[in-house]
Amino acid sequence: MGPDALEMARPDFLELLAGRRGAVKGVLMDQSLIAGLGNLLSDEILWRARVAPRRPARDLDDTEARHVYTAMRRVLATATRAGCVPPRRTWLTGRRDDPEPACPRCGDRLRSRRVSGRRTVWCAHCQH
């Protein structure tokens, strides 16, 4: 089991991403690397950071990696307080199961595909 996502220091997180070839979503969900992040949290974190889930983790520049870390901390703080991943309409996770899911940020249609073996939802317009 990797370090708990809530306790992971930013330098350690940045180093972890820099050394991984796989998709950034897969890295976030790999419990041997970072403990505590599941499918919904990973989608939400990447949407907030504006990073596409299939991007190779090592291809993120320093600014993008820092945005992922900051989004992870904020999403986890909110989810911990709520005791779950909140189904807020302002969150990607609050829209992912709509009949015609739209991005809460830009209104474009959300995409869905399997990434790292899990259903992944993202906004092609907002996440690059």
Side-chain angles (χ1 to χ4, degrees):
M1 205 46 104
D4 187 302
L6 280 171
E7 297 173 8
M8 192 168 207
R10 185 168 60 188
D12 296 332
F13 181 81
L14 299 178
E15 184 178 326
L16 176 82
L17 290 182
R20 300 290 164 186
R21 283 191 298 220
V24 65
K25 175 157 182 190
V27 172
L28 292 179
M29 291 193 332
D30 186 336
Q31 298 300 300
S32 70
L33 301 174
I34 306 170
L37 299 178
N39 192 43
L40 295 178
L41 287 172
S42 295
D43 281 355
E44 187 68 34
I45 290 163
L46 293 172
W47 176 74
R48 288 176 175 270
R50 296 178 177 258
V51 172
R54 295 190 311 163
R55 290 265 313 272
R58 70 178 182 189
D59 288 356
L60 299 181
D61 65 29
D62 191 55
T63 300
E64 291 169 317
R66 286 174 184 268
H67 286 156
V68 173
Y69 179 80
T70 300
M72 178 180 76
R73 301 292 296 184
R74 289 180 178 160
V75 167
L76 286 173
T78 301
T80 300
R81 279 193 307 275
C84 65
V85 179
R88 295 180 178 168
R89 300 296 291 166
T90 56
W91 283 38
L92 178 83
T93 53
R95 303 284 184 110
R96 69 183 285 130
D97 294 324
D98 288 354
E100 293 184 30
C103 175
R105 185 184 296 127
C106 74
D108 274 12
R109 182 178 61 83
L110 293 175
R111 313 279 185 200
S112 179
R113 150 182 276 180
R114 292 187 84 69
V115 175
S116 300
R118 300 295 303 270
R119 177 177 177 240
T120 300
V121 176
W122 76 100
C123 176
H125 179 262
C126 292
Q127 293 173 258
H128 308 285

Sorted by chain and residue number, the side-chain hydrogen bond (donor to acceptor under 3.5 Å, both in side chains) partners of D98 (sequence neighbours excluded) come out as R89

Answer yes or no: is there a side-chain heavy-atom contact under 4.5 Å between T78 and R74?
no

Remaining members of hydrophobic cluster (4.5 Å side-chain criterion), W47
L92, L110, V121

Return each pair, listed once, that meets salt bridge (Lys or Arg N to Asp or Glu O under 4.0 Å) where at least one residue sits in residues 109-127; pairs must be two or more places apart or across chains.
D97-R119

Can you name the residues that form a side-chain hydrogen bond (donor to acceptor under 3.5 Å, both in side chains) with Q127, not counting sequence neighbours?
none

OG (S116) and CG (L28) are apart, to the nearest 0.5 Å, by 9.5 Å

Counting C-beta onward and ignoring hydrogens, is there a side-chain heavy-atom pair between Y69 and L17 closer than 4.5 Å?
no

Considering all heavy atoms of both residues, which atom of P53 and which atom of A23 are nearest to each other, and what is their separation?
O-CB, 3.5 Å

Using the rule that Ile, Leu, Val, Met, Phe, Trp and Tyr join whenever any side-chain heavy atoms are under 4.5 Å apart, tell me whether M29 and L6 fall into a single cluster.
no

Looking at side-chain heavy atoms only, is the closest gap between W122 and V51 below 4.5 Å?
no

Quick one: closest heavy-atom pair of C106 and C123, and the distance?
SG-SG, 3.6 Å

Applying side chain to side chain donor-acceptor pair (under 3.5 Å), which residue pairs with at least one partner in residues 16-32 are found, sequence neighbours left out?
K25-N39, K25-D43, K25-T120, D30-S32

What salt bridge (Lys or Arg N to Asp or Glu O under 4.0 Å) pairs are there with at least one residue in residues 55-64, not counting sequence neighbours?
R55-E64, D62-R66

Return the set of residues passing side-chain hydrogen bond (donor to acceptor under 3.5 Å, both in side chains) with T93 (not counting sequence neighbours), or none when no residue passes.
E44

L37 side chain reached by L76 side chain, heavy atoms, under 4.5 Å:
yes

In short, ring-ring contact (aromatic ring centres under 6.0 Å, His included) pairs touching residues 89-108 with sequence neighbours left out are none

If you look at every heavy atom in L60 and A65, which pair is closest and at what distance?
CB-N, 4.3 Å

Can you sort out the partners of R54 under salt bridge (charged side-chain N to carboxylate O under 4.0 Å, His left out), two or more places apart, ordered by chain and number?
none

Please give me the minimum heavy-atom distance between M8 and L16, naming the atom from each residue.
CE-CD2, 4.0 Å

Could you list all the side chain to side chain donor-acceptor pair (under 3.5 Å) pairs where at least one residue sits in residues 1-12, not counting sequence neighbours?
none

Quick one: hydrophobic cluster around V115, which other residues, with the 4.5 Å side-chain cut-off, linked directly or via members?
none

All salt bridge (charged side-chain N to carboxylate O under 4.0 Å, His left out) counterparts of R95, not counting sequence neighbours:
none

